[in-house]
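Worth saying up front: this structure is predicted, and the values here are computed from it rather than measured.
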Amino acid sequence: MLDVTSAHEIAADARVRANVVRLAAAQALTGANSAVIFATGSIVGATLAPDMSFATVPISMYVLGLAAGTLPTGAISRRFGRRAAFIVGTGLGTLTGLCGSFAILHASFALFCVATFLGGLYGAVAQSYRFAAADGASAAYRPKAVSWVMAGGVFAGVLGPQLVQWTMDVWSLYLFAFSFLVQAAVALVAMGIVAGVDMPKPAPADLHGGRPLLDIVTQPRFIAAALCGVISYPMMNLVMTSAPLAMKMCGLSVSDSNFGIQWHIVAMYGPSFFTGALISRFGAPKIVAAGLLLEAVAAGIGLSGLTAMHFWATLIVLGVGWNFSFIGASALVLETHRPQERNKVQAFNDFLVFGMMAIGSFSSGQLLANYGWSAVNMVVFPPVVLGLAVLSLASWARRRKARLDAAMGEFPDAI
């Protein structure tokens, strides 16, 4: 019986590995979408917006799209399968590039915000790649599957900013307009890749199976995982969103900004080649804690100076911290649900993360414009402390429950 089970797990993991390759490639191409928006959004916003304080609104609209797209992504995946959701997402990515280019050509701030919102919807679908990679995998392989798909973002870190660098002046009178047009083409290539993912439609029994969502999300383990995701991603986004405009305000060039964003994205995804192995060895809670601490270190670097090196170091350390904390939190979420519950639980988790990002992102422009770069970095510390405290409490509660269960197993009549 054990041999049969083992054979099934090996076969499942072989299918998962094939999907991981495709999803990692799609992650790389989809990452170009977010890289283009983050590298250009606040700069284009400052050019087109009626007031400087609205400069980061296009990026906030991207984050709002991320939040708005999470639950529909889960619903489409649950009803029609993951692949259908992926194809819809890449279609939205194509519209992002076309609308963004048109908006810049016609100097329309409102349309540019629509374009970045569509980019957020595309990004919301792409966020489900990491969970999709673990579908059907053995428990031992799940963290590695999540991690390897996220590793595809390394290439996004190179592709996205370089795409901006190579194309931003092609139409010299319309900075970045051609960049968005090329991004639309990249999304079409991603569509071809995700169309080949081997993920059948959910079985009819899975559409209505599992526990009520409220029972799942009130588990201490889920609360800790979701809260750490809610802290790690929005705090990273707050600093990253503000950095290009802050660098411009400090007299640094667009090339300096592109370089910083490029290496930030590489730092976000580069550790993914070994993050899964670290989680398997040390456990997700420790990796999440390390990531949150690194985000705090990044904020400390941001407070220490305003040179290009300070900005670059802040963005690089911030990227590594996000990688550890977010992938670790995602691995924790995978421990809280059963297979038939995955779409609704994963979509709800991402809704919490990106909903909070949207709220924070809309305030980032005001924070930077009115209080400066130092205030942006100071905001990072209190949430990090809260995340570490809740993570510690959840881990302590889990260890205590394990000891009680062991005691009851040894002395069944004691209670």
Side-chain angles (χ1 to χ4, degrees), residues 34-63 100 103-104 107-109 112-113 115-116 119 157 160-180 183 235-268 298-299 301-319 360-380:
S34 58
V36 169
I37 290 173
F38 279 110
T40 68
S42 60
I43 297 172
V44 173
T47 302
L48 301 181
D51 185 87
M52 176 64 82
S53 63
F54 296 123
T56 60
V57 168
I59 295 180
S60 298
M61 291 301 294
Y62 171 84
V63 178
I104 295 171
S108 173
F109 180 69
F112 188 68
C113 290
T116 58
Q162 287 303 313
L163 186 153
V164 173
Q165 190 70 31
W166 295 332
T167 62
M168 64 181 183
D169 292 321
V170 171
W171 294 337
S172 57
L173 296 178
Y174 304 97
L175 189 67
F176 304 128
F178 195 74
S179 302
F180 277 88
Q183 188 273 318
M235 290 302 101
M236 181 277 293
N237 180 71
L238 174 69
V239 177
M240 179 178 69
T241 298
S242 303
L245 188 54
M247 293 176 77
K248 184 179 179 182
M249 292 167 64
C250 291
L252 299 172
S253 69
V254 173
S255 295
D256 288 333
S257 174
N258 288 342
F259 183 84
I261 292 295
Q262 174 179 334
W263 284 101
H264 169 70
I265 296 174
V266 170
M268 283 173 65
I301 295 172
L303 289 168
S304 66
L306 297 174
T307 68
M309 287 297 295
H310 284 94
F311 280 103
W312 294 342
T314 296
L315 289 169
I316 290 170
V317 175
L318 183 72
S361 187
F362 276 103
S363 64
S364 64
Q366 296 287 344
L367 188 63
L368 179 63
N370 295 327
Y371 300 102
W373 174 242
S374 294
V376 171
N377 287 283
M378 289 294 293
V379 167
V380 173

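- Partners of Phe176 under the ring-ring contact (aromatic ring centres under 6.0 Å, His included) rule, at least two apart in sequence or in another chain, do not exist in this structure.
- Nearest heavy atom pair, residue Phe311 against residue Ala243, reads CE2-O, 4.4 Å.
- Ala49 is linked by a side-chain contact (heavy atoms from CB on, under 4.5 Å) to Phe54, Phe109, counting only residues two or more places apart in sequence or in another chain.
- Closest of all the heavy-atom pairs between Asn377 and Ala298 is OD1-O, 4.3 Å.
- A distance of 11.5 Å separates OG in Ser257 from NE2 in His264, rounded to the nearest 0.5 Å.
- Listed by chain and number, the residues in a side-chain contact (heavy atoms from CB on, under 4.5 Å) with Ser374 are Leu303 (sequence neighbours excluded).
- Aromatic ring orientation, Phe112 versus Phe180: perpendicular (interplanar angle above 60°, classes split at 30° and 60°).
- Residues satisfying the side-chain contact (heavy atoms from CB on, under 4.5 Å) criterion with Ala107, sequence neighbours excluded, are Leu48.
- Smallest separation of non-hydrogen atoms from Met240 and Leu315: CA-CD2, 4.2 Å.
- Closest heavy-atom contact between Ala115 and Gly100: CB-N, 3.4 Å.
- Within the 4.5 Å cutoff, the side chain of Trp263 has heavy atoms near those of the Val266 side chain.
- Pairs passing the side chain to side chain donor-acceptor pair (under 3.5 Å) check and including a residue from residues 308-319, sequence neighbours excluded, read Thr307-His310.
- Within the 3.5 Å criterion, the main-chain N or O of Asp256 finds a donor-acceptor partner in the side chain of Ser253.
- The structure places CD1 of Ile104 at 13.0 Å from CG of Leu173, a figure rounded to the nearest 0.5 Å.
- A distance of 10.0 Å separates OG of Ser179 from CH2 of Trp171, quoted to the nearest 0.5 Å.
- In this structure, CD1 in Ile59 is found 7.5 Å from OG1 in Thr40, a value given to the nearest 0.5 Å.
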Scan the side chains in residues 245-252 for donor-acceptor partners under 3.5 Å anywhere in the protein, sequence neighbours excluded, and list what turns up.
none

Quick one, Val63 with Ser60, criterion side chain to side chain contact (heavy atoms under 4.5 Å, CB included). Give me CA distance, side-chain angles, the key distance, then yes/no. CA-CA 5 Å; Val63 178; Ser60 298; 5.6 Å; no
